[in-house]
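The shown structure was predicted, so the numbers you read here are calculated from the model rather than taken from an experiment.
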Amino acid sequence: MIRKVKGTRDILPPESRLWAAVEAEARRIFGGLGYEEIRLPLLEPTELFVRGVGEGTDIVTKEMYTFADRKGRSLTLRPEGTAGVARAFIEDGLAQRPQPQRLYYIGPMFRYEKMQRGRYRQFGQIGIELLGAATPSADVEVLLALHEFLAALGFDDLIIMLNNLGDPEDRPRFVARLKEELAPHKHELCRDCQRRWDENPLRILDCKVDTCHAIVAETTPIADIVSGEARAHVETVAAGLDALGIPVQPAPRLVRGLDYYLRTVFEVVSPQLGEGTVICGGGRYDRLISDLGGPPVPGIGFAIGEDRLVDVLPQTFRDRILGTRPVVILPLAAEATAPAFDCARNLTGHGIEVRIEVTGRSLRAGLKWATKLGARAAVILGPDEIAAGTATLRDLDRGEQEEVSLEKLPAVLMQDGPEVPSRRLP
RNA sequence: GUGGGCGUAGCUCAGCUGGUAGAGCACAGGAUUGUGGCUCCUGUGGCCGUGGGUUCGAGUCCCAUCGCCCACCCCA
């Protein structure tokens with residue numbers, strides 16, 4: 001048997017419906033705020049990510065799907081979306097269009113990692129990027145878009161965590177200060193943090209080990225050390241969000257794994273998955289485009305992990321999407337075939353979801369089949385009905401049925417709306 | 001990359017100290033002619049992950065290998 005590549009997965013119906021619905025909501029919400037879709041290659045030159053994401057990051061050092069093509073060029077399956085957007089911004093001259101540029105993307109990313117729950121080698125991301133605006137308002141807008149999207153999906157327990165990473169110039173100063181404050185407790189830190197001490201001191205901040213957590217809690221937050229301008233920037237963002245009633249939790253220890261972030265950084269976590277499994281991550285990246293050889297255009301954006309999002313989707317949303325019930329059409333004779341399809345065309349034209357029996361089942365078997373599908377009604381078309389130009393419409397919940405002329409069928413079925421939510425489906 | 005658990009039907013699993021494979025669910029059909037849900041009957045479906053070894057004989061014992069899952073790490 002040929003099996004799927006490790007870390008990839010098959011998304012089957014009905015779960016695929018949830019994905020489609022989530023994406024539809026994203027297009028609706030982000031589109032409403034002026035964001036337009038950008039579709040980019042899954043394959044990029046390796047150098048893009050080395051320079052964009054950062055040479056020392058875990059993503060670049062050990063998580064990239066990199067290989068040589070037939071002419072020996074090093075290519076990489078994109079591990080994230082922002083670098084590609086920045087590349088396109090430069091290459092396609094998006095700076096020549098009205099600024100700022102509002103873009104969103106939906107699609108798979110690839111990281112060569114050992115997988116576990118909520119972590120795959122191919123995973124879906126939905127992200128937006130706002131390019132060409134450096135103001136706190138830009139940040140507020142992006143967070144607003146995020147919040148609106150999550151709200152549209154019915155989430156009410158997700159937490160947006162916000163921190164200020166300062167400007168790159170602040171970084172050495174902060175690292176020095178951190179090490180200074182941590183030095184007395186250095187030997188108390190966990191083994192991983194001992195390693196991080198030299199490799200990536202900032203990562204000690206969001207260590208989940210209790211003892212480390214306690215030690216780190218005593219250190220001075222980055223936000224208190226960053227320079228005046230960067231500090232004011234994020235404080236203004238926080239105030240802006242507060243004014244909109246968007247709840248944000250300050251996260252002084254929040255650090256992100258990609259090098260290009262500065263100032264505003266944020267993550268969304270779910271109480272269900274715990275803080276270890278981030279659903280959305282984002283932040284400001286004012287140097288990225290210039291670092292890649294483009295103009296000095298600031299940017300901010302985020303990426304939502306679609307797999308994880310679908311995993312914790314509120315029950316109300318799941319029910320709304322999965323709970324639709326079709327109308328089954330059962331032709332009982334050869335001469336009923338054409339009328340059955342005609343009827344299907346008629347009903348679908350009214351937004352009624354149908355399912356036509358095409359395997360030649362008996363009426364009895366057809367009704368069993370309809371029940372298994374969770375159909376709300378069956379349209380029975382036998383010789384008698386065809387002769388009379390009618391259909392027998394059977395309500396599968398009440399077990400009652402009536403003769404309805406084919407023309408009136410849509411109207412009768414529409415009395416309860418085109419789709420009637422069913423009892424809860426798995 | 002490190003550590004642990006598990007591979008028998010589409011799914012969940014049983015199969016004792018070795019004797020050539022089972023259940024439930026699911027799927028398909030039927031139980032009076034054109035009427036579902038409950039019940040009953042029948043059927044489809046497995047080279048027991050793969051390869052090798054021990055043995056008269058391996059789902060069962062041994063070795064290897066592949067795959068899956070969980071945790072760490074990191075992230076979406």
Side-chain angles (χ1 to χ4, degrees), chain A residues 1-9 12 53 56-64 78-82 106-127 190-193 195-196 199-200 203 206-209 254-258 266-270 273-282 301-312 328 330-333 336 357 359-386 391-401 423 426:
Chain A
M1 183 174 52
I2 299 173
R3 267 179 300 206
K4 70 177 81 66
V5 172
K6 189 189 186 86
T8 63
R9 55 192 201 135
L12 310 171
V53 175
T57 59
D58 282 317
I59 289 179
V60 170
T61 56
K62 52 184 195 187
E63 292 171 6
M64 291 208 298
R78 63 182 186 188
E80 58 101 50
T82 304
I106 297 173
M109 305 294 164
F110 303 83
R111 287 182 203 173
Y112 196 94
E113 291 186 276
K114 192 114 175 189
M115 44 170 307
Q116 59 184 267
R117 156 109 114 130
R119 207 181 65 190
Y120 308 96
R121 289 185 175 178
Q122 176 180 332
F123 56 97
Q125 278 194 344
I126 300 174
C190 69
R191 192 144 33 101
D192 288 321
C193 285
R195 178 174 51 73
R196 292 183 182 119
E199 288 179 12
N200 194 347
R203 281 238 149 256
D206 62 0
C207 181
K208 291 151 220 110
V209 177
L254 173 61
V255 173
R256 309 235 62 238
L258 286 68
F266 52 92
E267 286 181 352
V268 175
V269 298
S270 157
L273 293 177
E275 292 191 18
T277 306
V278 175
I279 287 182
C280 168
F302 61 75
I304 296 167
E306 205 172 353
D307 304 72
R308 292 173 181 182
L309 188 72
V310 170
D311 201 31
V312 298
V328 155
L330 303 174
L332 296 182
E357 210 301 300
T359 65
R361 285 181 169 91
S362 65
L363 174 58
R364 173 192 179 76
L367 287 170
K368 278 193 170 199
W369 176 67
T371 301
K372 274 184 284 205
L373 294 181
R376 61 177 165 124
V379 173
I380 300 164
L381 294 168
D384 299 347
E385 286 86 352
I386 299 302
T392 296
L393 178 61
R394 181 171 181 83
D395 183 313
L396 292 173
D397 291 331
R398 294 188 209 129
E400 298 162 358
Q401 62 189 40
R423 50 228 176 247

Please list, chain by chain and in numerical order, all residues satisfying salt bridge (charged side-chain N to carboxylate O under 4.0 Å, His left out) with A:R361, sequence neighbours excluded.
A:E357
If the condition is salt bridge (charged side-chain N to carboxylate O under 4.0 Å, His left out), which residues does A:K368 pass it with, not counting sequence neighbours?
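Not a single residue meets the salt bridge (charged side-chain N to carboxylate O under 4.0 Å, His left out) criterion with A:K368.
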Which residue, A:T392 or A:I279, contacts RNA chain B at a nucleotide closer to its 5' end, judged by nearest heavy atom?
A:T392
Starting at the 5' end of RNA chain B and moving along, which residue's nearest nucleotide shows up first, A:Y120 or A:K4?
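It is A:K4 whose nearest nucleotide is closer to the 5' end.
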Heavy-atom protein contacts under 4.0 Å, nucleotides 25-33 of chain B, coded B base, S sugar-phosphate only, - none
--SSSBB--
If I take atom [atom1] in residue [X] and atom [atom2] in nucleotide [N], what distance separates them, rounded to the nearest angstrom?
X: A:L367; N: B:C38; atom1: CG; atom2: C1'; answer: 16 Å
X: A:Y112; N: B:C74; atom1: OH; atom2: C1'; answer: 16 Å
X: A:E80; N: B:C74; atom1: CD; atom2: P; answer: 18 Å
X: A:E357; N: B:G36; atom1: CD; atom2: C1'; answer: 13 Å
X: A:K62; N: B:C74; atom1: NZ; atom2: C1'; answer: 6 Å
X: A:D58; N: B:G1; atom1: CG; atom2: P; answer: 15 Å
X: A:I59; N: B:C73; atom1: CD1; atom2: C1'; answer: 14 Å
X: A:R9; N: B:C68; atom1: CZ; atom2: C1'; answer: 15 Å

How long is the gap from [atom1] on [X] to [atom2] on [Y], to the nearest 0.5 Å?
X: A:K62; Y: A:R111; atom1: NZ; atom2: CZ; answer: 12.5 Å
X: A:E63; Y: A:R121; atom1: CD; atom2: CZ; answer: 10.5 Å
X: A:L381; Y: A:T392; atom1: CG; atom2: OG1; answer: 8.0 Å
X: A:D307; Y: A:I279; atom1: CG; atom2: CD1; answer: 11.0 Å
X: A:E113; Y: A:D58; atom1: CD; atom2: CG; answer: 8.5 Å
X: A:L330; Y: A:R394; atom1: CG; atom2: CZ; answer: 11.0 Å

With heavy atoms under 4.0 Å as the rule, sort [X] into base, sugar-phosphate or nothing.
X: A:G281; answer: sugar-phosphate
X: A:D384; answer: base
X: A:Q122; answer: nothing
X: A:R117; answer: sugar-phosphate
X: A:I380; answer: base
X: A:G127; answer: nothing
X: A:G366; answer: nothing

Pair of N/O donor and acceptor under 3.5 Å linking B:G36 base with A:Q401 side chain
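It does not, because no donor-acceptor pair links the side chain of A:Q401 to the base of B:G36 below 3.5 Å.
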On a plain distance test, is the side chain of A:T371 in donor-acceptor contact with the base of B:G36 below 3.5 Å?
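A donor-acceptor contact between them is present.
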Set of residues satisfying side chain to side chain contact (heavy atoms under 4.5 Å, CB included) with respect to A:T277, sequence neighbours excluded:
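Once residues adjacent in sequence are excluded, the partners of A:T277 under the side chain to side chain contact (heavy atoms under 4.5 Å, CB included) criterion are A:L273, A:R308.
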A:A370: partners by side chain to side chain contact (heavy atoms under 4.5 Å, CB included), with sequence neighbours left out:
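A:V328, A:A375, A:L396.
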Counting just side-chain N and O atoms, does A:Q116 come under 4.0 Å of either OP1 or OP2 of B:C70?
no
For A:R117, does the CZ atom have more than 12 heavy-atom neighbours from other residues, nucleotides or ligands under 6.0 Å away?
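Open: at most 12 neighbouring heavy atoms sit under 6.0 Å from CZ of A:R117.
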Note, RNA chain B 5' to 3' with Watson-Crick or G-U pairs under 3.5 Å encoded as ( ), [ ], | and . gives (((((((..((((.....[..)))).(((((.......))))).....(((((..]....))))))))))))....
Between B:C69, B:C74, B:G36, which nucleotide has the shortest distance from any of its atoms to the side chain of A:E113?
B:C74
Of the nucleotides B:C69, B:C68, B:C74, which has the atom closest to the A:M115 side chain?
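So the nucleotide nearest the side chain must be B:C69.
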With rounding to whole Å, what would you report as the distance between B:G24 and B:G19 at their C1' atoms?
27 Å
